[in-house]
Each structure stands twice: as C-alpha cells, then as structure tokens.
Amino acid sequence: MAAAAASGASKKRKGIFGLPFDDEQPLPPSSLDGVTTSSVEGDRRLHAVQSSLERLLTEALAGWKAAENEAKRLAEEMHAMISEKGGPREPQQTSGTLTLNVGGTVFPVSRAALMRPSMVRNYLSVLLLRFEAALPHDAEKRPYLESCPAYFRWLLNELTFVERGREDAIELTAALQNDPSYAEYHALFMREFGSGDGDSSGSGDVQMGEGEGQRQTDVAGPFAAFDESRRLYERAYEALKAEKERTAAFLCAMEPFMKTDDSEEDEVLSVTILGERVSVMRRTLSPLGPTNSPLLNRFSPTYQLEPDVRQTSAEHLQRVVDFARRQAVMPAGQKVAPPVIERRRELFVEDLQMYGLKHQPFYRWGAGGDLIVTSEDHLASLVELTGRMSKPPSLLYKSSRDGFGHSSLLDCVSDVSNLLFVVQHNDTHKFAAFVDGPLEPPADPTSYETTDCPVRVYSISGACDGPTRIDTPPDGRQAVAVAGREGAVRWLGGRPFAKVAIYVDDAAGVVLAYAEPGLAADLSSCGMMVKNPYLPAGYRGPVDAAGDGTLAGSMTFTITEMEVWTLS
C-alpha cells in the first residue's frame with residue numbers, strides 16, 4: 001500500500017513515442033483503498049487483488065521503460081550509421097540533374113527518374129539521392145561512382161523511359177545478362193532497400209484490427225487491450241529492427257563506392273587513351289600490388305610519355321579496369337566473373353596478365369585472417385572442384401568460435417544442405433569433405449542416422465600440391481552418419497566409435513569424435529583415411545602397412561581448427 005500512497009513531484013519528460021515518462025514515477029493511488037466486502041475472507045481476497053494490480057502496474061511501467069530504451073537504442077544506432085556516412089534523413093534534392101563521373105565518363109542523371117516509384121528504394125537511387133556527399137570526387141569536384149560507363153549509359157537510357165512513365169521495370173536483355181560488366185552492377189544497384197514488414201500501407205503505422213481492443217466481458221477482458229497493445233509494440237519493434245538491418249545491409253553493400261578517411265586511397269586517377277578518358281580509384285588498384293604495379297603505372301602522370309602507350313586498345317583497358325573495379329566493389333561473398341570478349345580473346349587474356357590479373361573468376365569470400373584457407377585462389381579452386389559455384393559459400397560453423405561440441409555443430413548446421421567440411425590438422429596438412437545433403441540427426445537422441453548422399457573428399461595442402469580431388473568409385477556407397485545428441489555412430493557389432501562419419505565405402509572416410517575403443521569427448525578427435533587404390537598422383541603423405549594413406553599428417557590426430565561452409 002505504501003507504493004500506492006507514495007507521492008512527490010518528478011520532472012516530466014517525453015519519450016521517443018511522445019508519451020510522458022518519469023525515471024521515478026510514483027504509482028497512482030488505488031481506488032480500492034477503503035473498499036471492503038464486509039467479509040474477512042473477502043477482504044483478504046480483495047487485498048490480494050489490489051496487491052496484484054499494483055505489481056502489474058509496477059512491472060508494466062518497468063517494461064514500458066525498457067521497451068522505450070530499446071527502441072531508442074535502435075534509433076540511435078541507425079542515426080549513427082547514416083550520419084557517419086553523411087546521409088540526410090530525406091533527399092536534399094529531388095529534382096534537377098546530378099552531374100556524375102562514372103568510370104571516367106561524365107553523365108547527367110535525372111533525380112526525378114530516381115524518385116520514380118519503381119526506382120526510389122533501389123540501392124542506386126538511395127545512394128545518389130541521400131549519400132551524394134559520401135561519394136568520392138574527381139579532380140573537377142564532381143561526385144565519382146566506381147562503375148562501368150557502358151553499363152551506366154545503358155541504364156540512363158532505360159531510365160528515360162521510366163521517367164516518362166513509358167516503362168516501369170528495368171531489365172537486362174538476355175545478351176547483357178551474360179556480360180558481367182552489366183549483370184553484376186545491375187544486380188547490386190537494383191537491389192531493393194526493402195519495405196516495412198507487415199505494413200501494407202507503407203506508412204509504418206501499426207493499427208488495431210477490427211474489433212481489437214474492444215471491451216471484453218470475461219475475466220481476461222480488462223487486460224485484452226493491454227495484451228493487444230503489447231503485441232502491437234512487438235510488431236512495431238520488429239519492423240524497426242528489420243529497418244535497421246536493411247540500413248546496415250545497404251551501407252555495407254554501398255561502402256566500397258563511398259569515400260574513406262584516406263584521401264590518397266580515395267583519389268580518382270584518370271588517363272586518356274585514343275581519345276577516351278578512363279578513371280578509377282587508387283584504392284581499387286592498390287590490391288594488385290605496390291605503387292609500381294603495371295596497371296597503376298598506366299595512370300601515372302608519365303604514362304603518355306611511355307613508348308608502350310598504345311600497347312593495348314581503349315576497349316581492352318576499359319575491360320581490364322572494370323574487372324579490377326568489380327573485384328573491389330562487389331559485395332563480399334560474390335563470384336566476380338571475368339570480362340566477356342567476343343573478338344581477340346587471346347590478346348585480351350595477354351593484356352590481363354600484363355596488368356597483373358588472371359582470366360578466371362574472382363571470389364570475394366574473405367579468405368585470409370583466421371580462416372583455414374587463407375588463399376583466395378585455393379578457396380576458389382576448392383569450390384570449383386565441388387562443382388557448386390552458382391552461389392558463394394557461407395560459413396556456418398567454426399570450432400574456435402563455436403567449440404568442438406557435437407550439439408554445437410548440429411545447432412549451427414541444422415536443416416542446411418551442401419556442406420563443405422574444412423579440417424586443419426596442422427599448419428601444413430588441411431583437407432575437406434563435401435556432403436551433398438544435410439546432417440540428419442535421428443529422432444531418437446540416443447541413436448544415429450545414416451543418410452545416403454553424394455560425398456567427396458579433397459586435399460587442400462600437405463598431402464598434395466594444392467587443392468586436389470580424391471577420385472573415389474562412383475558406384476561405392478556414399479553416406480554421412482550422424483549421432484543424436486546423446487548417441488554415437490556404431491560399428492556393425494554395436495561398438496560406438498564416432499559422432500559423425502563421412503565416407504565413400506571402401507575408398508575414403510572422415511570420422512569426428514573418433515576413438516578406439518569407445519568415443520572421444522568431442523569432435524576434435526579425428527580419423528581420416530584414403531585407401532591405397534585411390535591415393536592421387538603426387539601423394540606425399542604417410543602410408544600404413546597396407547599402403548593406405550591420409551590427407552592429414554597422420555591417420556588419427558587432433559584437429560586444430562574445423563569449419564563447415566554451405567555451398568547452397
């Protein structure tokens with residue numbers, strides 16, 4: 001009762017929802033004070049009701065404050081993300097023309113076209129309308145976009161029809177879909193920023209449905225509106241959270257096009273070849289080598305004085321630069337295809353090599369750092385060997401992050417197919433196993449489940465020179481056996497020996513949490529063997545008395561790191 005009777009003024013403030021809230025707001029006096037039932041037991045019950053209501057109000061106010069603070073935190077994080085890149089709340093200009101340098105060619109871009117309903121939420125429109133100030137600038141102080149001029153010229157032609165209301169969607173023709181200099185930019189720039197989840201009106205307001213919140217006649221009636229308001233808050237909060245995630249995804253994808261704190265790396269370099277101006281950012285070329293790299297040298301002030309100024313054509317130079325550009329700006333995880341050349345392909349490949357590039361797909365998968373495969377080329381080769389190159393791999397599980405527990409592995413890879421296990425024994429010996437299916441644990445957690453599916457094993461390093469596929473017989477049984485969280489994979493005699501077994505019958509196999517006899521404490525105890533007939537040419541690993549080998553440094557060992565990627 002003391003809480004209900006407490007009094008005292010406190011300074012009012014407005015929450016972000018426009019509602020008053022006090023850090024130490026007293027509870028209002030109860031209208032049940034002094035009410036009696038004229039019954040000792042009834043009064044006791046009434047007192048319990050009053051106490052429950054006071055507790056409900058106390059917790060409701062605490063929940064309200066916590067919810068308000070959480071919404072405020074999300075709003076402040078979104079504001080910080082956008083403000084850091086110089087993005088205003090709304091486009092500062094929605095009409096007129098934006099003069100934009102795209103890869104060396106200056107284009108007039110109609111802002112009205114970008115504001116059309118079919119364009120306004122696309123990544124390109126959001127970038128140019130709201131983040132123009134975040135773009136680098138060329139020597140003439142014009143905003144610069146690190147993109148392909150040929151694609152952008154085509155896009156502006158298409159935007160003319162959109163602006164006039166003669167077309168709605170902008171789609172690549174079949175021929176352009178096969179040209180990565182068009183298709184990769186188009187897929188990125190036309191990506192939809194997103195709209196409010198569950199909000200068909202697009203206004204972001206959350207309304208009660210018909211009949212919701214009306215007075216009820218049963219016991220729960222007084223709290224029906226309260227419960228509905230809570231559900232409305234949850235939906236609104238989730239929509240706000242989703243908008244923050246969409247904002248973060250947009251900024252992550254567009255960051256390579258925005259300026260950084262390094263003015264030297266943001267410098268726009270230009271050169272004129274056969275009358276055509278070609279521009280590129282210095283940071284785009286930096287990964288190709290030090291300051292004396294052949295391609296960077298083409299943009300040096302002395303370039304036009306060199307005798308090999310016409311060693312290649314303007315078209316080839318544009319294609320070479322754009323390949324380097326796409327490697328720098330496409331989202332992490334994307335396969336960047338080499339340029340499509342219809343004529344003189346052999347000469348173009350020579351030009352690529354002259355400028356330090358390879359005529360092969362480039363994979364922005366973040367190889368390096370603390371990943372097992374630190375070479376982009378090795379990672380690309382490994383995925384190519386699996387034949388699953390249509391989508392970039394995604395890291396699901398990493399032992400140093402998630403632990404070697406069997407349950408942790410199942411939690412990370414549940415319901416996902418096309419799994420690539422990458423195993424590191426030591427600094428030199430690394431191998432992989434590809435399971436063309438999911439890990440299916442049994443319904444009985446004390447048992448194990450065997451699923452027939454295509455399985456392949458590969459050496460990454462140590463046992464062979466570079467990524468190498470182990471050619472096992474296609475007619476042998478290929479399967480993965482997975483124990484339940486409390487079970488074990490067992491030999492035919494019923495003896496437990498592992499938690500996961502990946503194998504091609506009588507050819508090769510990998511077993512995790514392996515021990516003989518019994519079962520190891522976690523997945524780090526591993527066994528790996530390749531039967532003698534299937535050891536690849538150039539194999540230089542250990543062999544046992546039967547001539548069988550392994551892709552690790554020994555047939556049984558302790559894993560120092562393991563990753564599981566999905567290629568689906």
Side-chain angles (χ1 to χ4, degrees), residues 332-333 365-374 379 382-383 392-435 437-451 453 455 457-458 460-462 480-490 496-503 509-529 550-568:
W365 295 337
D370 62 349
L371 296 180
I372 294 175
V373 181
T374 58
L379 185 57
L382 178 60
V383 175
S394 177
L395 183 64
L396 301 178
Y397 164 89
K398 186 173 179 63
S399 60
S400 59
R401 178 191 69 193
D402 304 306
F404 276 110
H406 180 54
S407 292
S408 178
L409 174 67
L410 295 181
D411 290 339
C412 291
V413 306
S414 177
D415 300 324
V416 182
S417 296
N418 302 324
L419 300 173
L420 182 66
F421 287 73
V422 182
V423 178
Q424 175 176 298
H425 174 194
N426 50 39
D427 290 341
T428 57
H429 285 78
K430 306 172 185 180
F431 65 91
F434 179 60
V435 178
L439 295 189
E440 291 281 2
D444 179 0
T446 64
S447 183
Y448 72 97
E449 183 80 19
T450 300
T451 303
C453 61
V455 168
V457 291
Y458 311 90
I460 298 174
S461 63
V480 56
V482 181
R485 296 174 189 265
E486 303 169 25
V489 180
R490 299 175 180 272
F497 71 96
K499 283 286 191 179
V500 178
I502 304 168
Y503 61 94
V510 182
V511 286
L512 304 174
Y514 172 76
E516 273 292 338
L519 187 68
D522 59 40
L523 302 177
S524 65
S525 182
C526 185
M528 198 288 151
M529 184 177 70
T550 178
L551 303 183
S554 57
M555 292 191 182
T556 58
F557 60 96
T558 299
I559 298 173
T560 56
E561 182 72 287
M562 182 170 71
E563 299 164 354
V564 182
W565 301 70
T566 177
L567 305 185
S568 64

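Taken from CZ in Phe431 to CG in Leu382, the straight-line distance is 12.0 Å, to the nearest 0.5 Å. If you take CG on Leu523 and OG on Ser407, they are separated by 9.5 Å, rounding to the nearest 0.5 Å. Between the CG atom in Leu512 and the CE atom in Met528 there is a gap of 11.0 Å [rounded to 0.5 Å]. Within the model, atoms CZ of Arg485 and OG of Ser408 stand 9.5 Å from one another, a figure rounded to the nearest 0.5 Å. Note: Ser400 OG to Met562 CE = 11.0 Å, rounded to the nearest 0.5 Å.
A donor-acceptor contact shorter than 3.5 Å is absent between the side chain of Tyr397 and the backbone of Leu410. A donor-acceptor contact shorter than 3.5 Å links the side chain of Glu563 to the backbone of Ile372.
Considering only heavy atoms from C-beta on, Asp444 comes within 4.5 Å of Thr446 through its side chain. A 4.5 Å side-chain heavy-atom check between Lys499 and Leu409 finds every atom pair outside the cut-off. Between Cys453 and Val435 the shortest side-chain heavy-atom distance falls below 4.5 Å. Residues His429 and Leu551 have side chains not in contact (no heavy-atom distance under 4.5 Å, counting atoms from C-beta outward).
Using a 3.5 Å distance cut-off with no hydrogens or angles, the side chains of Glu561 and Ser399 do pair a donor with an acceptor.
Closest approach of Gln424 to Ile559, counting heavy atoms only: O-CG2, 3.6 Å. Residues Pro441 and Val482 share a closest heavy-atom pair of CA-CG1, 4.2 Å. Looking at every heavy atom in both residues, His425 comes nearest to Thr560 through O-CG2, 3.1 Å. Taking both residues in full, the closest heavy atoms of Tyr514 and Ala520 are given as O-CB, 3.6 Å, listed atom of the first, atom of the second, then distance. Closest approach of Arg401 and Leu395 over heavy atoms only: NH1-CD2, 4.3 Å. In terms of heavy-atom proximity, Val511 sits nearest to Ala501 at CG1-CB, 3.7 Å.
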#### Entry: side-chain contact (heavy atoms from CB on, under 4.5 Å) between Phe434 and Asn418, worked out
CA-CA 7 Å; Phe434 179 60; Asn418 302 324; 4.0 Å; yes

### Query
Do Phe557 and Val423 pass the side-chain contact (heavy atoms from CB on, under 4.5 Å) test, and can you show the C-alpha distance, the side-chain angles, and the key distance before you say yes or no?
CA-CA 11 Å; Phe557 60 96; Val423 178; 4.3 Å; yes

### Task
Apply side-chain contact (heavy atoms from CB on, under 4.5 Å) to the pair Phe421 and Leu439, showing each step before the final yes or no.
CA-CA 12 Å; Phe421 287 73; Leu439 295 189; 3.9 Å; yes

### Task
Please assess Lys430 against Val422 for the test side-chain contact (heavy atoms from CB on, under 4.5 Å), listing each intermediate value before the final yes or no.
CA-CA 7 Å; Lys430 306 172 185 180; Val422 182; 5.8 Å; no

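For the side-chain contact (heavy atoms from CB on, under 4.5 Å) with His406, the qualifying choice from Leu519, Asp522, Val500 is Val500, the only one to do so.
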